[in-house]
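By convention here, the first residue in the shown sequence is residue 1. Basis for what follows: all heavy atoms, side chains included, without hydrogens, waters or symmetry-related copies. Every number for a ligand or one of its atoms is a count from 1 in the order of the listing.
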Amino acid sequence: MNYISTRGGIMPVNFADAVLMGLATDGGLLIPESIPTVTADQLQNWAGLRFQALAAEIMRPFIGDSLPDEVITDLIERAYANFNHPEITPLHQVGQRQLLELFHGPTAAFKDIALQWLGELFDYLLTQNDSYLNILGATSGDTGSAAIAGVSGKARINIFILYPHGRISPIQERQMTTVTEPNVQTIAVQGTFDDAQRIVKTLFSDVQFKTRYQLGAVNSINWARILAQTVYYFYAWGRVSGGNPDHRVSFAVPTGNFGDVFAGYLAKRMGLPIEQLILATNRNAILTRFVQTGIYAAGDVYQTLSPAMDIQIASNFERYLYYLLDENATAVRTALTNFEQERRLIVNATQRRQVNKDFIACAVDDSETLAQMQAVYDDTGYFICPHTAVGMHAAANYPDAICLATAHPAKFNEAVQIATGQTAPLPLSLQGLMNKPTRQKTLAADADVIRQYLQTTLDNTENYND
Ligand SMILES: *Cc1c(COP(=O)(O)O)cnc(C)c1O
């Protein structure tokens with residue numbers, strides 16, 4: 001399978017190169033040249049498979065001959081070996097509702113499903129190419145710890161994660177700073193998340209520095225992440241349908257960057273019998289406004305109780321736009337160029353009808369989020385995280401929709417406490433964090449200071465290939 005850019009400006013590359021490229025060099029996002037489809041027979045046969053075997057079936061046609069079959073299987077087994085539930089993404093019935101629990105990975109949030117796999121994949125591809133990768137990223141919480149967990153101890157990867165000093169929760173901080181593998185560096189910058197992000201952007205735009213130190217990003221745009229996330233849609237469908245191809249299922253998906261819900265859209269295009277995709281946002285509702293009005297317009301970012309969805313621009317939106325604009329890369333490039341200037345993008349009436357066939361959307365505010373958390377707890381004694389609550393609230397009129405539970409509630413116990421008066425017990429992976437030794441560096445929110453730190457660290461790192 002070859003990969004092309006949503007903006008049409010690159011020569012087709014194979015799966016391995018697409019993974020290592022991350023973002024297409026013309027500024028677009030990588031997508032497969034065509035989307036493989038599944039037959040009714042395949043759906044039936046896959047319904048009873050364990051998660052890892054199903055993942056191999058789904059991924060194989062996307063990977064093509066980039067990786068030998070036994071490597072695909074082996075990397076998938078490794079990626080999910082650290083999950084603490086044998087089903088990896090089990091369904092859990094709560095009252096009348098089916099929840100798809102996506103938080104049984106090492107950092108107790110759904111990003112583990114993609115990043116554990118991406119870590120294994122990078123490790124393998126870098127070894128094949130005899131090359132190295134130095135990941136630099138800024139985090140306001142969840143992504144940093146999941147990215148660190150995905151690559152810690154990997155010989156050909158170093159990771160530097162910047163976070164705003166004193167502005168993330170103690171659990172989130174400990175999840176990063178207690179990883180003391182030598183290839184992991186956590187840096188608390190004396191500033192805000194925006195400062196940290198600005199520093200990362202500045203260093204990436206220093207092309208000489210970026211090339212010399214083989215800097216790469218960790219973000220939600222890598223195609224391999226999307227691919228891993230389609231698996232649990234198939235998995236959940238198989239469990240509730242028993243493999244009956246006429247059985248249609250709806251999903252409610254809390255999303256910010258359009259990553260999780262795009263994976264559901266991809267599953268549907270592959271032929272999974274999905275009835276509705278319910279796109280749920282918090283107050284940062286650029287995506288909901290788009291589905292409801294056909295206007296994609298950037299606004300301010302608000303802090304909410306579901307911080308992993310506090311975003312302004314949805315990084316995976318461009319992939320959906322590509323399909324909405326009939327796979328016309330020139331039209332995508334024009335639309336995005338306009339958006340970059342005017343901060344808004346408007347689709348025509350025909351396209352709007354298509355959007356409304358593809359998604360139902362709902363924005364959920366903090367008080368509705370808390371009420372949902374409380375209602376579930378009062379009715380069933382089960383704790384949900386605020387992101388999951390956003391999805392459940394959006395699905396209120398769709399009792400049969402499967403709701404994606406994206407984080408363990410104990411990661412967001414402040415909100416759980418407000419909603420229920422109780423705190424959720426910590427999962428095994430988060431126990432003892434407060435007593436473990438930590439390693440971290442506090443530095444000024446200054447790009448030159450951070451550049452110097454990276455340079456010194458990497459110049460002194462044995463596995464850095466200069
Ligand atoms: C990242 C995240 C989301 C949203 O994921 P998208 O990639 O924006 O769809 C939802 N819930 C949690 C807990 C997350 O960490």
What is the minimum heavy-atom distance between R352 and G294, and which atoms define it? CG-CA, 3.7 Å
Which atom names give the shortest non-hydrogen contact between C385 and F412, and what distance separates them? CB-CD1, 4.1 Å
Among all the protein's non-hydrogen atoms, which is closest to atom 8 (O) of ligand 1, and how far away is it? N257 N, 2.6 Å
Can you report which non-hydrogen protein atom sits closest to atom 2 (C) of ligand 1, along with the distance? K111 NZ, 2.4 Å
Can you check ring-ring contact (aromatic ring centres under 6.0 Å, His included) on Y320 and F359, steps first, answer last? CA-CA 11 Å; Y320 174 65; F359 305 103; 5.1 Å; yes
If we number the atoms of ligand 1 from 1 as shown, the ones under 4.0 Å from a heavy atom of A407 are 13 (C)
Give the atom numbers and elements of ligand 1 that come within less than 4.0 Å of a heavy atom of D260. 6 (P), 7 (O), 9 (O)
What protein heavy atom lies closest to atom 12 (C) of ligand 1? Include the residue and the distance to one decimal. T406 OG1, 3.5 Å
Is the count of non-hydrogen atoms from other residues, nucleotides or ligands lying under 6.0 Å from R248 atom CZ greater than 12? yes
Quick check on contacts: which atoms of ligand 1 are under 4.0 angstrom from a heavy atom of G259? 6 (P), 7 (O), 9 (O)
To check your reading of the model: name the closest protein heavy atom to atom 9 (O) of ligand 1, its residue, and the distance in Å. T255 OG1, 2.6 Å
Protein contact to atom 3 (C) of ligand 1 [nearest heavy atom, distance to 0.1 Å]: F110 CE2, 3.5 Å
If you compare all heavy atoms of P273 against all heavy atoms of H247, which two are closest, and at what distance to 0.1 Å? CB-O, 3.5 Å
So if I apply the ring pair (Phe, Tyr, Trp, His ring centres under 6.0 Å) rule between F51 and each of Y233, Y232, Y80, which one comes out positive? Y80
